[in-house]
Amino acid sequence: PVYDSLVQCFSENKIPGDQISKILYSPQNPSFTNVLESYIRNRRFNVSTTRKPNTIITPTAECHVSAAVTCAKKLGIQLKIRSGGHDYEGISYVSDHDFVILDLFNLRSINVSLDDQTAWVQSGALLGELYYRIWEKSNLLGFPAGVCPTVGVGGHLSGGGYGNMIRKYGLSVDHVIDAVIVDANGRVLDRKSMGEDLFWAIRGGGGASFGVILAYRINLVPVPPNVTVFNVQKSVDQNAIDAVFKYQQIVDTIDSDLFIRVLLQPITVNNTRSVRATFIGLFLGDGDRLLSITDSQFPELGLKKPDCFEKSWIDSVLYWSNFDNTTSPSVLLNRTPDKVNFLKRKSDYVKNPISKSGLQSLFDKMVEIGKVGLVFNSYGGIMKEIPESATPFPHRAGNLFKIQYSVNWDDESEEADKNYINQIRELYSFMTPFVSSNPRESYLNYRDLDIGIVDDPKNSFNQGKVYGVKYFKGNFDKLVKIKTKVDPDNVFRNEQSIPVYPFSG
Ligand code: FDA
């Protein structure tokens with residue numbers, strides 16, 4: 001019935017019948033499962049018990065998106081918006097209620113303008129495609145966004161977006177200069193017509209609370225002809241703890257051309273369990289200048305000339321995505337990742353260095369727990385200079401690094417699911433004394449439904465505040481005000497959307 005009602009409503013909204021039959025997929029359509037699964041990036045949400053959408057809408061034009069919003073509103077059915085499908089909790093394609101998916105993969109054009117060093121990029125494009133199209137025009141321009149090329153522009157940019165140029169250039173949203181969006185009334189608006197408040201909200205507040213973002217206009221950033229990358233591993237015997245300890249002392253003040261990610265992974269070597277620290281770097285300059293910085297400020301890293309690889313920026317994108325150095329940049333146009341795992345992620349922010357004894361206890365705990373890894377991502381640099389209220393993303397000055405908790409698995413059983421999710425929660429709980437508090441901050445794009453959800457519409461404001469202040473701190477109130485103004489009927493809602501103010505009578 002939902003599908004039939006949508007067909008009728010689309011037709012009332014002047015979408016021609018031949019187009020409707022191409023863009024609406026009912027569960028009976030033989031291609032339905034393929035379309036649904038094409039952008040599922042977490043196998044936890046692709047099991048037999050996962051609730052399926054009542055219809056998938058795959059617009060090829062703006063008017064189809066307007067009709068989708070108008071009709072979902074009219075029918076009172078939840079609309080889930082999907083661009084790249086990388087949401088860690090799958091909230092772009094799963095729901096506990098009847099719902100339809102608005103799947104934007106057909107809207108993925110990218111227009112790069114060298115004249116003003118900007119680009120218009122549609123939400124259904126993936127980061128790899130964006131990087132490739134920029135490189136095609138100039139090897140001296142780039143864009144600061146995520147390191148995984150299959151992440152979608154729609155979710156990534158509306159939720160913040162960081163990558164290995166964060167210390168030099170900040171977040172993706174710091175470079176968004178215009179946008180096109182379909183609002184709760186089905187209107188197509190740009191920056192001028194939507195106004196500065198709504199434009200502020202969709203740069204980090206999560207697009208899915210405010211409208212369907214069709215495209216963003218972004219400023220590109222300069223990159224040198226050659227950058228330097230490295231990957232240095234340290235076992236506990238090779239003073240991993242000293243190196244991680246020192247990393248925390250220099251991470252936010254060292255030259256902002258340098259970004260270092262640290263992976264902490266439990267490993268087994270010769271039947272002995274321990275933790276390995278891997279330092280992965282991007283330096284926006286040559287190897288000699290990099291070494292002069294690390295030798296003087298971070299000798300514990302032990303970085304040597306043979307560890308340093310100078311490459312073009314686009315080749316550094318491939319290096320960071322684990323492609324070997326014979327791979328051509330055209331691999332970035334591949335929209336399908338090699339493998340899709342069962343996974344769970346969580347996040348934290350660290351504001352004070354963890355002591356050496358604290359790190360030792362963390363390593364011991366990771367070995368005891370089993371499989372969960374941690375990723376430290378450097379902050380500081382320009383992130384210290386951008387005010388917390390500049391965009392909804394509030395985690396700026398005062399943070400040394402962000403932690404991502406990470407566990408992947410292949411086993412489809414319910415026990416595996418429970419076991420690994422318990423493991424990651426246990427490590428998160430163990431980290432409480434070392435990380436931010438009041439609120440314990442989280443990164444919206446590292447979606448984590450453990451930190452709160454709305455499941456009672458009558459209490460959505462109070463429930464929404466629980467996760468809202470963790471993701472947005474003091475910006476939460478402004479997001480609620482904007483939400484109440486632009487979408488009072490809460491057309492754009494999900495498990496962790498921005499709530500409207502409760503009716504005050
Ligand atoms: P998806 O389509 O699942 O959407 C995510 C959310 O945004 C949903 O709520 C959805 O409804 C909403 N949304 C999507 N398109 C929209 C639109 N057009 N209008 C309105 N709302 C829309 N993050 C990061 O900052 N740096 C990184 O390096 C990485 N790396 C990374 C690697 C891998 C393998 C994964 C799975 C994820 C990341 N991420 C990340 C996290 C990533 O930024 C986050 O999951 C993004 O929201 C993904 O955007 P997609 O469009 O792919 O997701």
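For ligands, and for the atoms within them, numbers begin at 1 and follow the listed sequence. Values reported hereafter were calculated over all heavy atoms of this structure, with side chains retained and with hydrogens, waters and symmetry mates removed.
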Test side-chain hydrogen bond (donor to acceptor under 3.5 Å, both in side chains) on Asp324 and Thr327 and set out the steps. CA-CA 6 Å; Asp324 67 31; Thr327 310; 3.1 Å; yes

Under the side-chain hydrogen bond (donor to acceptor under 3.5 Å, both in side chains) criterion, do Gln404 and Ser347 qualify, and how do the steps go? CA-CA 5 Å; Gln404 181 183 75; Ser347 63; over 6 Å; no

Could you walk me through whether Tyr247 and Ser378 pass the side-chain hydrogen bond (donor to acceptor under 3.5 Å, both in side chains) test, one step at a time? CA-CA 9 Å; Tyr247 165 83; Ser378 315; 3.1 Å; yes

Any chance you could lay out the ring pair (Phe, Tyr, Trp, His ring centres under 6.0 Å) test for Phe401 and Tyr379, step after step, and finish with the verdict? CA-CA 5 Å; Phe401 55 94; Tyr379 269 54; 9.0 Å; no

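Of the polar atoms of Gly146, none of the N or O atoms is found under 3.5 Å from an N or O of ligand 1, judged by distance alone. Close N/O approach between His156 and ligand 1 is found [any backbone or side-chain N/O within under 3.5 Å]. Residue Gly163 places no N or O, backbone or side chain, under 3.5 Å from any N or O of ligand 1. Looking at ligand 1, you'll find an N or O of Tyr443 within less than 3.5 Å of one of its N or O atoms. Polar contact check, Ile91 against ligand 1: no nitrogen or oxygen pair lies under 3.5 Å apart. Backbone and side-chain nitrogen or oxygen atoms of Gly85 are examined, and one is located within less than 3.5 angstrom of a nitrogen or oxygen of ligand 1. Close N/O approach between Ile81 and ligand 1 is found [any backbone or side-chain N/O within under 3.5 Å]. Distances between N or O atoms of Arg261 and those of ligand 1 include no value under 3.5 Å. The N/O atoms of Gly84, backbone and side chain alike, include one that comes under 3.5 Å of an N/O atom in ligand 1.
Between Glu495 and Arg447, none of the side-chain N atoms (NZ, or NE/NH1/NH2) sits under 4.0 Å from a carboxylate O, so this pair counts as no salt bridge. Note on Arg396 versus Asp174: salt bridge recorded, some NZ/NE/NH1/NH2 to OD/OE distance being below 4.0 Å. Using a cutoff of 4.0 Å between basic side-chain nitrogens and carboxylate oxygens, Lys351 and Glu441 are scored as salt-bridged. Using a cut-off of 4.0 Å between Lys/Arg side-chain N and Asp/Glu carboxylate O, Lys344 and Glu89 are scored as salt-bridged. Salt-bridge formation is detected for the pair Asp410/Lys339: a Lys NZ or Arg NE/NH1/NH2 atom is positioned less than 4.0 Å from an Asp or Glu carboxylate oxygen.
Residue Ile181 does not touch ligand 1, judged by heavy-atom distances below 4.0 Å.
The contact set between ligand 1 and Gly161, taken as ligand atoms under 4.0 Å from a residue heavy atom, comprises 25 (O). Atoms of ligand 1 lying under 4.0 Å from at least one heavy atom of Ser123, given by number and element, are 18 (N). The atoms of ligand 1 that sit less than 4.0 Å from any heavy atom of Leu104 are 18 (N). Here is the list of ligand 1 atoms found below 4.0 Å of a heavy atom in Val212: 19 (N).
The nearest protein heavy atom to atom 29 (C) of ligand 1 is not closer than 4.0 Å.
In terms of modelled atom types and a separation under 3.5 Å, the side chain of Arg167 and the main chain of Ile254 share a donor-acceptor contact. Looking at Thr58, its side chain never comes within 3.5 Å of a backbone N or O of Asp103 through a donor-acceptor pair. Distance alone, capped at 3.5 Å, places no donor-acceptor pair between the Asn459 side chain and the Gln463 backbone.
Among all non-hydrogen protein atoms, the one lying nearest atom 26 (N) of ligand 1 is Tyr162 O, 2.8 Å. Regarding atom 6 (C) of ligand 1, its nearest protein heavy-atom neighbour is Asp87 OD2, 3.7 Å. Protein heavy atom at the shortest distance from atom 39 (N) of ligand 1 is Tyr88 OH, 3.8 Å. At the top of the distance list for atom 21 (N) of ligand 1, counting protein heavy atoms only, stands Ala208 N, 3.2 Å. Gly155 N, 3.5 Å is the protein heavy atom nearest to atom 14 (C) of ligand 1. Annotation: atom 44 (C) of ligand 1 to nearest protein heavy atom, Asn445 O, 3.5 Å. Of the protein's non-hydrogen atoms, the one nearest atom 19 (N) of ligand 1 is Ile213 N, 2.9 Å. The closest protein non-hydrogen atom to atom 45 (O) of ligand 1 is His86 O, 3.1 Å.
Heavy atoms of Gly211 come nearer than 4.0 angstrom to ligand 1 in at least one pair. Using 4.0 Å as the threshold, Arg82 has a heavy atom nearer than that to some atom of ligand 1. In this structure, Phe492 has no heavy atom closer than 4.0 Å to ligand 1. At a 4.0 Å cut-off, not a single heavy atom of Gly160 sits close enough to ligand 1 to count as contact. At a 4.0 Å cut-off, at least one heavy atom of Arg447 sits close enough to ligand 1 to count as contact. Remark: distances from the non-hydrogen atoms of Lys80 to ligand 1 are all 4.0 Å or more.
Other residues, nucleotides and ligands contribute more than 12 heavy atoms inside 6.0 Å of the CG atom of Asp456.
Among Ser209, Ser92, Gly206, Cys148, the residue whose heavy atom lies closest to atom 34 (C) of ligand 1 is Cys148.
Judged by a 6.0 Å distance limit and a 45° cone about the ring axis, Lys402 is not positioned over the six-membered ring of Phe376.
A ring pair (Phe, Tyr, Trp, His ring centres under 6.0 Å) check over residues 75-94, counting only residues at least two apart or in different chains, returns the pairs Tyr88-Tyr446.
Taking the centre of each ring, Phe492 and Phe210 stay at or above the 6.0 Å mark.
When all heavy atoms of Gly381 and Ser256 are compared, the pair lying nearest together is CA-CB, 4.0 Å.
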